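Before anything else, here's the structure in question.
Keep in mind the model is a prediction, meaning the values are calculated, not measured. Numbered from 1 within each chain, the chains take letters A, B, ... in sequence-line order.
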Amino acid sequence: MKRGYTLFWLVPFLLVISLYPVVTKSVIARETVFIILMYVSLAASLNIIMGYAGYVSFGHIVYYGIGGYVAFYLMHHVGVRLVPAMLVAGLFSALMALAVGEAVLRLRGAIFAIATIGVNEAIKSLVTNLSFLGGATGMFFNFKIYRAYGGAAKAIWYAYYVMVAVTLITVVVSYFIKTSKFGLGLFSIREDEDAAFVLGVNTKRFKSLAYAFSAFFPGMVGAVFFFKAGNIEPEDAFHLVKSIEMIFMVMLGGYGTASGPVLGALIYERLKGMLLVNPLFKNLHLAIAGFVLLLIVLFAPGGLVGYLRSKFRKLRGVLE
Amino acid sequence: MRRFLSVLVGLLFLGSILAGNVWAKNKIVIGFTMSQTGKLNAESKDQFDGLKLWQDWVNSKGGIYVKALGKRLPVKFVYYDDESSKDRVQQLYVRLINKDGADFLISPYSSGLTASAAIIAEQYGKVMVATGAASDSIFNKGYTHVFQIYTPASRYLTGSLDLLKALDPKAKRLAIIYEQSNFAKAVATAAKKYAEKKGFEVVLFESYAKGTTDFTSFLNKIAAKKPDAIIGGGHFTDGETFAKQLYEQRIRVKLVSLLVAPAVPKFAEIGKAALYVTAPSQWEPKAKYSKEAAQRLGIEWYGPTADWFVREYKKRYGEAPGYHAAGGFVAGLVLQKAIEDAGCLDSEKVVKALEKMNIMTFYGAIAFDTGEYYGRQKAHEMVYLQWQMKNGKLVKEVIWPESAASAKPVYPYYKKY
Amino acid sequence: MEAFVSALLNGVLLGLAYGLAAIGLNLIWGVMKVINLSHGAFIALGMFASYFLFHSFGLSPFVSVILVLALGLVVGMVAYFIALHRVISAPELSTLLSTYSLSLIIIGVGTFVFTTNPRAIDVGLGSLHVLGTYIPAAKVLTGVYSLIFTVLLYIFLYKTWTGKAIRAVSMNRVAAEFMGVNTTFILSLSFGIGIALAMVAGALIASVFPFTILSGGVYELKSFVICVLGGLGSPLGALVGGLVLGLLENVLTLKMSVGYVPFIEFLILVVILLVKPSGLLGKE
Amino acid sequence: MSEVVLKVENLETGYGEVQILWDVSIEVKRGQLTTIIGSNGSGKTTLLRAITGVIPVWSGRILFEGEDITRVPAYRRTEMGLVMVPEGRMLFPEMTVLENLEMGAYNKRARSRMKESLEFVLELFPRLKERLHQKAGTMSGGEQQMVALGRGLMASPKLLILDEPSLGLAPKLVIEVFEIIKRLREQGITMLLVEQNVHLSLMLTDWAYVMAEGRIVMEGTGAELERSDEVRKAYLGV
């Protein structure tokens with residue numbers, strides 16, 4: 001597949017956003033950008049299985065939670081540092097996805113979606129009962145843990161840089177998957193899985209791999225997020241609403257495009273941030289989010305990028 | 001394209017630059033989040049109402065006296081809705097500190113949310129007065145800026161056991177139940193330890209999921225163990241429901257002691273199901289803490305009297321205050337005292353003042369641990385209340401400790417069936 | 001022994017109410033192949049409808065349930081035309097998301113209007129002494145009402161022209177249109193009935209347990225488990241599924257920690273979907 | 001006798017941006033059997049979809065008993081008497097045979113006559129009488145085709161459209177189906193038949209149209225077409 005110019009603006013764009021808090025030394029901006037990057041990475045990962053292969057993983061947050069728990073456990077009880085713990089967490093999430101995918105990827109459409117919700121809720125309830133993971137109350141870092149990073153204040157910046165790296169890697173990998181032969185196979189599965197199979201696409205292997213990729217990055221994101229948060233508990237790690245926010249961002253930006261989830265995440269975070277602190281709307285932000293989602297589903301199923309691509313043909317090489 | 005992008009990036013962040021402007025020091029900004037929505041809404045609102053009453057009280061006197069500036073500074077609140085969820089707590093506290101210029105922080109309601117917020121307070125070195133958060137475990141994480149108003153969870157239900165022992169030395173079988181939350185687990189675990197030490201037999205020690213509304217099967221299971229007493233619980237909704245279903249199923253136990261719910265005045269709405277339920281409470285309007293009591297103990301009395309607080313609160317909100325409201329008020333009061341003692345707004349000096357604090361308020365004694373559990377409340381004591389019938393109306397009476405009691409305990413619980 | 005009898009009775013009564021909530025979900029899935037992610041929001045709406053009829057007009061939930069049914073029918077049909085009609089033939093992602101956005105809107109506005117304070121309807125009917133155990137009368141009525149509504153639905157689906165048309169549409173929409181069935185109307189009616197049943201179930205449950213605007217979510221997830229147990233798309237299977245779940249919740253907990261119940265439920269959901277997607281009690 | 005029941009005038013339509021039908025005009029007269037033949041992809045199915053109202057018409061008109069029904073929704077057309085027996089039967093598999101037949105009489109015009117219609121159908125298909133309470137989905141292909149035909153007849157059709165009724169049936173059953181069509185024609189039921197079995201269709205039909213590439217390329221009586229070289233070459237394999 002021919003590659004367009006999307007990455008030539010997407011990566012610098014993300015870098016500009018990421019460097020802004022560093023240059024201005026603004027902690028506030030850092031907090032905001034951290035959340036934006038986290039959303040970008042989560043949305044771009046979900047997009048691999050949902051947008052490319054057409055499998056709507058409704059409970060996708062489960063991999064973020066699993067990654068978070070694995071990394072937190074390693075850091076808290078074993079004393080592993082953030083980056084190695086994060087890599088282990090990502091791999092563990094990906095392996096879990098391979099195992100879970102072996103089973104649930106046989107299901108299709110809405111049934112698959114429900115099954116993924118079931119997986120998330122089951123794992124959440126299980127973790128809630130496991131005392132070595134702290135049960136319902138979860139685990140807390142002792143503040144001393146941040147000393148290895150030069151104190152709490154520096155540790156947050158450290159977490160921020162790691163998040164920037166994870167996000168960039170997610171976006172680039174997601175782009176290369178899309179424009180590769182592998183991506184083409186995934187798209188053929190999305191359009192017509194049976195036909196893809198008949199045409200010689202190893203659909204089972206393709207789906208499993210896509211699912212593993214889309215779980216790997218959330219696993220790492222979870223690791224970084226909970227490192228920064230300093231504590232982890234099941235309600236936060238396996239929060240179904242966050243799962244649906246991920247879908248929302250993918251839909252908002254453009255289902256199946258590489259740049260869509262990035263834009264979707266960016267807009268969504270800003271929108272939510274603004275609505276939440278706006279005295280007029282803060283109590284209605286849920287309703288507004290629902291309304292916007294409904295409008296997208298009904299009138300612009302291609303999301304922002306889909307809309308731009310259909311309006312301006314010239315943009316097709318730039319917006320992929 | 002590039003121009004378009006730079007405009008976009010520019011616009012996105014223009015707002016945040018403009019908002020971070022410099023402000024003159026003409027007020028003390030206190031930041032916090034409250035749960036305007038979500039499952040903790042009820043308790044959080046009471047806490048906020050108490051806090052708001054303090055703000056108006058202190059501002060009506062011109063504010064808090066700051067010696068270094070030689071004048072009184074009024075108190076300004078900045079607060080957001082945390083939706084009873086940790087998701088945004090940290091982001092919002094970072095915002096409070098950095099963008100809204102909060103000088104001091106008050107915790108959100110509940111141990112879970114406070115634990116999250118405490119990390120931010122510590123990371124930025126801001127003083128946070130923690131109220132509505134009783135968990136002990138927040139205080140052995142190495143924080144040096146978080147100070148607890150509530151009697152910690154480890155001392156929550158111990159009094160209920162002392163009470164039971166005093167009432168009925170033969171009662172041995174104990175069922176301990178708890179909600180799967182930070183706070184309830186801490187309380188239950190501590191109670192179990194204490195019970196075993198005191199020679200009770202814990203026949204059931206089990207948790208239930210947050211948000212549980214159906215305790216039917218759980219109650220069946222409890223009944224099958226034939227306990228003399230049931231102690232435990234979680235927060236308001238589950239506690240109220242538990243008490244209601246306990247009554248509906250006519251479980252025969254001698255003592256029922258539940259967390260949080262029975263202490264809230266609204267508990268009376270379940271009618272006869274509330275009768276004879278006992279509960280630990282951080283504070284009750286009928287508890288007798290006074291200037292005289294403080295003098296007797298040789299510690300400083302600070303702030304308004306309980307009568308004043310109850311009267312003003314009722315005037316304003318139309319109902320008697322519960323301990324969440326009192327906790328809110330006292331959080332402000334403690335901060336006020338610490339700022340006055342420090343004589344300035346510098347966080348580290350206020351921390352020193354808090355370390356040294358040893359006062360009595362209408363809410364009871366206040367002093368903080370400075371050892372392994374730095375910042376944990378060490379002076380304040382729980383009182384134990386029971387819902388009783390007076391002139392055909394349900395009322396809360398303080399029944400334990402005997403020195404603070406306003407009525408005699410009614411025993412056993414199943415007397416009402 | 002007493003505990004076991006009580007568990008059985010409570011399990012059956014509660015199972016019937018769970019079943020009623022799930023029947024609506026299953027009917028909607030059966031007829032229009034839509035997984036209604038707004039089901040929980042409508043259950044909560046039913047709870048609040050009942051609450052206000054009780055507190056403002058003094059109507060007992062067991063009387064006002066008829067009004068809730070009518071309200072649900074209207075609201076459901078309107079909701080169909082707003083959120084579903086345009087995407088009814090689109091891929092499932094669209095209907096999943098459009099019903100989810102409905103749920104966001106309802107819960108969002110509901111939170112704004114009602115706050116998330118817990119509410120309760122205390123019908124004050126006392127408890128009945130049955131077989132050595134005490135059961136709240138409201139719970140007994142809830143079970144009985146749920147059974148009645150299920151039977152009425154059965155009669156409607158199998159004995160009336162409109163009911164048969166609904167079944168026909170669920171089996172083959174195009175063929176039904178060829179028979180002269182106004183399928184658009186039938187689709188909206190089915191959604192309306194599904195929503196009405198959800199709201200009725202909510203109204204009945206509200207007379208037994210306290211609730212907030214967010215409570216529907218729990219029952220929605222239970223409904224998924226029930227539908228999968230009883231067979232996706234089979235309205236009556238849902239009743240059986242409801243009974244199974246109700247009994248499971250009540251009897252299982254006698255032997256194991258209450259905390260594990262949700263885990264078991266979701267494990268059942270996933271395992272059945274994998275082993276036998278047509279449902280444990282479903283056909284083929 | 002030669003009153004026109006259905007008249008399609010200059011019909012053009014298609015899917016999305018792809019046009020399938022080009023200027024199609026046909027007529028069906030009362031009491032007659034009219035047939036459309038054509039190979040796969042010639043546009044027969046699309047034409048039927050337009051006539052029954054499943055897909056919208058781009059241009060042209062459809063008149064049914066003189067009334068313009070071009071914009072009338074599909075289910076209303078059934079009520080007016082334009083009844084379809086769809087390709088592949090499309091029975092309601094979980095319903096009994098009786099229920100399937102009853103669904104045929106769903107439209108208000110047919111409901112009042114349900115009893116007589118049922119007698120008529122059961123007389124036509126005595127085999128169904130024993131199976132009235134069997135689920136339709138569990139029956140053999142031939143039996144299912146009978147239910148489908150019976151269900152169509154239950155609707156009191158003024159025009160019965162049969163879409164590939166012999167598709168997928170064993171040769172013996174194909175003959176049986178055509179015998180039924182013959183009997184129906186003798187009963188004076190107006191029918192529009194779309195078939196791939198050109199030989200049998202042309203033997204029975206009063207008037208036939210040949211479709212290719214979305215256009216009507218030929219029309220005439222059955223006998224005329226059967227003699228035509230083009231038809232013989234293209235469809236009869238001779």
Side chain / backbone / both / neither for A/L294 at chain C, heavy atoms under 4.5 Å: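 Both backbone and side chain.
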
Point-to-point distance, once rounded to the nearest 0.5 Å, from CD1 of A/I114 to CG of C/L232: 8.0 Å

Greatest number of heavy atom pairs closer than 4.5 Å to chain C - which of A/V297, A/V119, A/N120: A/V297

Chain C contact via A/F248 - which portion, at a heavy-atom distance below 4.5 Å: neither

Note, A/I247 side chain near C/Y100 side chain (heavy atom, < 4.5 Å):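 Answer no - side chains too far apart.
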
Interface moiety of C/L269 toward chain A, non-hydrogen atoms closer than 4.5 Å: side chain

C/I82, part contacting chain A, at a heavy-atom distance under 4.5 Å: both

A/I244 portion near chain C, given a 4.5 angstrom heavy-atom threshold: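 The side chain, not the backbone.
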
CZ/A/F213: more than 12 non-hydrogen atoms of other groups inside 6.0 Å: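 No.
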
Validation: residues 54-62 of chain A side-chain donor-acceptor distances under 3.5 Å, sequence neighbours left out:
residue	atom	partner	partner atom	Å
A/Y55	OH	A/E193	OE1	2.6
A/Y55	OH	A/E193	OE2	3.4
A/Y55	OH	A/K207	NZ	3.2
A/S57	OG	A/H60	ND1	2.8
A/H60	NE2	A/S214	O	2.7
A/H60	NE2	A/S214	OG	3.3

C/E92 side chain near A/I111 side chain, heavy-atom distance below 4.5 Å: no

Taking every non-hydrogen atom, the tightest pair across C/W29 and A/A110: CZ3-CB, 3.9 Å

Heavy-atom pair count under 4.5 Å with chain A, highest-scoring of C/T99, C/L267, C/L93: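 Of the candidates given, the most pairs with chain A belong to C/L93.
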
Residue part contacting chain C, namely of A/A113, when any heavy atom lies under 4.5 Å: side chain

Interatomic distance, C/I35 atom CD1 to A/I117 atom CD1 [nearest 0.5 angstrom]: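 Those atoms lie 8.0 Å apart.
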
Toward chain A, the part of C/L84 with a non-hydrogen atom under 4.5 Å: neither

Enclosure of C/F114 CZ (heavy-atom neighbours >12, cutoff 6.0 Å):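 Above 12, so yes.
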
Could you list the donor-acceptor pairs under 3.5 angstrom formed by side chains in residues 121-128 of chain A, with sequence neighbours left out?
residue	atom	partner	partner atom	Å
A/S125	OG	A/E121	O	2.6
A/T128	OG1	A/K124	O	2.6

Distance (rounded to the nearest 0.5 Å) between A/I288 CD1 and C/L104 CG: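 CG of C/L104 is found 11.5 Å from CD1 of A/I288.
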
Residue pair C/G259 / A/N129: nearest heavy atoms and the distance that separates them: O-ND2, 2.9 Å

Other residues, nucleotides, ligands: >12 heavy atoms within 6.0 Å of A/F92 CZ: no

Within 6.0 Å of OH in A/Y307, more than 12 heavy atoms from elsewhere: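 Check fails, neighbour count at 12 or below.
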
Chain A interface, residue from C/S94, C/S101, C/P262, C/S103 that has the most non-hydrogen pairs under 4.5 Å: C/S101

Distance-minimising heavy-atom pair for C/L274 and A/R106: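 What the structure gives for the nearest pair is O-NH1, 4.1 Å.
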
Which atoms of C/F224 approach chain A - backbone, side chain, both or neither, heavy atom under 4.5 Å: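 For C/F224, the side chain is the part near chain A, not the backbone.
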
